[in-house]
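One structure below.
We number each residue from 1, following the sequence as shown. Owing to the predicted nature of the structure, the values given are computational and were not obtained by experimental measurement.
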Amino acid sequence: KPISEDNQKINNSSIPLKTKVKGNYPNPFNPTTTIEFDLADDGLVNIVIYDIQGRKVSELFNGELSQGFNHQYNWDASSVASDQYFAVITAPNFTDTINMTLLK
């Protein structure tokens, strides 16, 4: 088969080739934001929010997820002050951190 056909099949796959955090939207936000990511492998996923001093503010999710596109989790930050926050997303063989700005 031509290489282009193989690549096309891979690109049209319903399974992401790699885990990727797409970020959060809106950003800046008030008072809720949505964190979105693709997951390449089934497994344990943890999403934790930290403040600028590194203190844990919230655990959005801690559990098993199936591989796939467009996993989304909402954070309602109405109980915390305006500031910079960080979401740490941990998945099988993957960790990423995104910066979020809460403006009230």
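A donor-acceptor pair under 3.5 Å is absent between the side-chain atoms of K22 and the main chain of I35, judged by distance alone. Between the D76 side chain and the T32 main chain, no donor and acceptor come within less than 3.5 Å of each other. In this structure, D41 contributes its side chain and P92 its backbone to no donor-acceptor pair below 3.5 Å. In this structure a side-chain-to-backbone donor-acceptor pair under 3.5 Å is present from T19 to A40. In this structure, T33 contributes its side chain and W75 its backbone to no donor-acceptor pair below 3.5 Å. With hydrogens and angles disregarded, no donor-acceptor distance shorter than 3.5 Å links the side chain of K56 to the backbone of D51.
Residues I49 and A87 approach most closely at CD1-CB, 3.7 Å, considering heavy atoms. For A91 against V45, the heavy-atom pair with the smallest separation is CB-CG2, 4.1 Å. Contact record, K104 with S79: NZ-N, 4.3 Å, taken as the closest heavy-atom pair.
We find the CG-CG distance between D83 and L103 to be 10.0 Å, quoted to the nearest 0.5 Å. We find the CG-CG distance between N62 and N46 to be 4.5 Å, quoted to the nearest 0.5 Å. The line from CG of L102 to OG of S82 is 4.5 Å long, rounded to the nearest 0.5 Å. Considering CD1 of I98 and CG of N24, their distance stands at 4.5 Å, rounded to 0.5 Å. In this structure, CE on M100 lies 7.5 Å from CG on N27, to the nearest 0.5 angstrom.
A side-chain donor-acceptor contact under 3.5 Å links Q84 and N99. Between the side chains of Y25 and Q72, a donor-acceptor pair is found at a separation under 3.5 Å.
Under the 4.5 Å side-chain heavy-atom criterion for grouping Ile, Leu, Val, Met, Phe, Trp and Tyr, V21 is connected to F29 within one hydrophobic cluster. When the side chains of ILVMFWY residues are joined at heavy-atom separations under 4.5 Å, either directly or via intervening members, V57 and I89 end up in a single hydrophobic cluster. Residues L39 and F94 share a single hydrophobic cluster, defined by chaining ILVMFWY side chains whose heavy atoms lie under 4.5 Å apart.
Of the residues listed (V48, T97, T95, D96), the one engaging T90 in a side chain to side chain contact (heavy atoms under 4.5 Å, CB included) is T95, and it is the only one.
The shortest side-chain heavy-atom distance between I47 and E59 does not fall under the 4.5 Å cut-off. Side-chain contact between V80 and Y85 is present, with heavy atoms from C-beta onward closer than 4.5 Å.
Crowding of N93 atom CG: a count of heavy atoms from other residues, nucleotides or ligands under 6.0 Å not exceeding 12.
A parallel orientation is assigned to the rings of Y73 and F37, their planes being inclined by less than 30° (bins at 30° and 60°).
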